[in-house]
Number of protein chains: 2
Amino acid sequence: MHRFKIGERGQKMFWLHGPEREHLVRVLRLAPGDKVIGFDNSGGEWLGEVEQIYPESVGIRIVGEHYPEVEAKSSVYLVTGLAKGDKLEWVVQKGTELGMAGLVPLRAKRSVVRLEGDKARERVKRWGKIAAEAAKQCQRVREPVIYPVSAWAELRELLPEVTQWVIPYEDEQALHLSQALAELDRSLPLAILIGPEGGFEPEEVSWASDFLAARAVTLGPRILRAETAALATLTIALSQWGDLG
Amino acid sequence: MHRFKIGERGQKMFWLHGPEREHLVRVLRLAPGDKVIGFDNSGGEWLGEVEQIYPESVGIRIVGEHYPEVEAKSSVYLVTGLAKGDKLEWVVQKGTELGMAGLVPLRAKRSVVRLEGDKARERVKRWGKIAAEAAKQCQRVREPVIYPVSAWAELRELLPEVTQWVIPYEDEQALHLSQALAELDRSLPLAILIGPEGGFEPEEVSWASDFLAARAVTLGPRILRAETAALATLTIALSQWGDLG
């Protein structure tokens, strides 16, 4: 089915303008009754039926919401400690390609980088741009949300729908990530907590366990850098839950 | 058990010298009969029993080969198309942390970068150094092998022990990586073929299928950049085979 970028959308109809209208009318020669898909580049897609062709637009009746299969069915968020250099930039880029739902930059105790005020807001804006570009290139229809730089205490309010948290931690040896994932509910959102370069402090892991009911998990015997751990955990979660590979 | 860096090793014995001998004799006060582990930083480890303490060395009888659990049990290789910039550098670094057995830089048809002669050898040396550093930092005892820049026709000779190949490919829709992995034998080596920035040409996929019996697989609906695909496939293979997460 042909896909069109929506010009304007109401509750029951959407309209195509300019080149999108031209493409439908002149190139594809679609007519009233034909089915099409409309997308607005920010969220889902809509299944529609061409109703009427006007001189400046095409009116299309919405007949259903169509979530394109490109998006992961599970919602997996990354919460990553602020890190030096451009590490978070590529976690944002790769995480977007892999299919993360969003990313929260966390002020962790061992974060060497301190981002406050305007500097923090600018950085978030830049990460958002990287996410938008990566989403476009890998043909996602929903851009992951890049949240403001946050503190531990703000996490629950920031991600109110998240009830499942995992926290890879070097000192955890018993519970493997794959086992934890098998016990969690793939139909509910999950957030992965990843430390900064030096890892989390034990108090942070305790706090996450006490206040978020986060499960500390091991990724195995090899010590991964923070950014590698972030993407490996995301990859394993999405893969084990049937959304990747 | 205490671990010592081996000074010299024969078929049935190994010897510790200098500070390693001092540590065993003076600090730990071990004596004949005590069990120790010797490692040479390049491969497996050996379980030994202290036999005799000499003025300049300690002679230790090898009683068994001890593969430390930090290494992945499965051998998974990456064969990656030459790519621009520092992309291969980080595939080498992250791949080493995740647990790859080795990496072959491949002259793929769409590789924009051409590496020949001395330039190729220097680059391979640099990648080897990155792999060594990453192996050390994540506490691996076996450094992944970085192979020379190679052509398609050289792959079989280069990796003679590899009989299982997968090739993620955009035009493959049916066979998912996870399904292919479930059908493969985790006790045998596996190589993952990853294209350069523009992906593989259809002829290359056909060649791999005909001459290597490579299985074309899909990683799912999101189009991943080459370097993301390399690390995601490696992560999924090691995770599904019980070596990660």
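Just so you know, these numbers come straight off a predicted model, no measurement behind them. Chain identifiers are assigned alphabetically (A, B, ...) following the order of the sequence lines, protein sequences preceding nucleic acid strands; residue numbering begins at 1 within each chain.
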In terms of heavy-atom pairs under 4.5 Å, which option from [options] contacts chain B the most?
options	answer
His176(A), Arg225(A), Lys94(A), Gln240(A)	Arg225(A)
Gly245(A), Gly99(A), Ala72(A)	Gly245(A)
Ser239(A), Gly242(A), Gly220(A)	Ser239(A)

Kindly indicate whether the side chain of Glu133(B), heavy atoms from C-beta on, has any atom under 4.5 Å from the side chain of Lys129(B).
yes
Is the shortest heavy-atom distance from the side chain of Arg9(B) to the side chain of Ile62(B) under 4.5 Å?
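Yes. Closest side-chain heavy atoms under 4.5 Å.
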[X], part contacting chain A, at a heavy-atom distance under 4.5 Å:
X	result
Glu227(B)	side chain
Thr218(B)	backbone
Ala229(B)	neither

Name the member of Thr233(B), Leu181(B), Leu224(B), Thr96(B) that forms the most heavy-atom pairs with chain A at distances under 4.5 Å.
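Option with the greatest count: Leu224(B).
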For Trp90(A) and Trp90(B), take the angle between the two ring planes, folded into 0 to 90°, and tell me which bin it lands in: parallel under 30, tilted 30 to 60, perpendicular over 60.
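Parallel: the ring planes of Trp90(A) and Trp90(B) meet at under 30°.
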Contact class of Ala180(A) relative to chain B, heavy atoms under 4.5 angstrom:
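Interface part for Ala180(A): neither.
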Candidate pair Val166(B) and Leu184(B), rule side chain to side chain contact (heavy atoms under 4.5 Å, CB included), full reasoning:
CA-CA 10 Å; Val166(B) 292; Leu184(B) 293 172; 3.9 Å; yes
Do Glu161(A) and Tyr77(A) have side-chain N/O donor and acceptor atoms under 3.5 Å apart?
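There is such a pair between these side chains.
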Salt-bridged, Arg110(A) to Glu201(A), with N to O below 4.0 Å?
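Glu201(A) and Arg110(A): salt-bridged.
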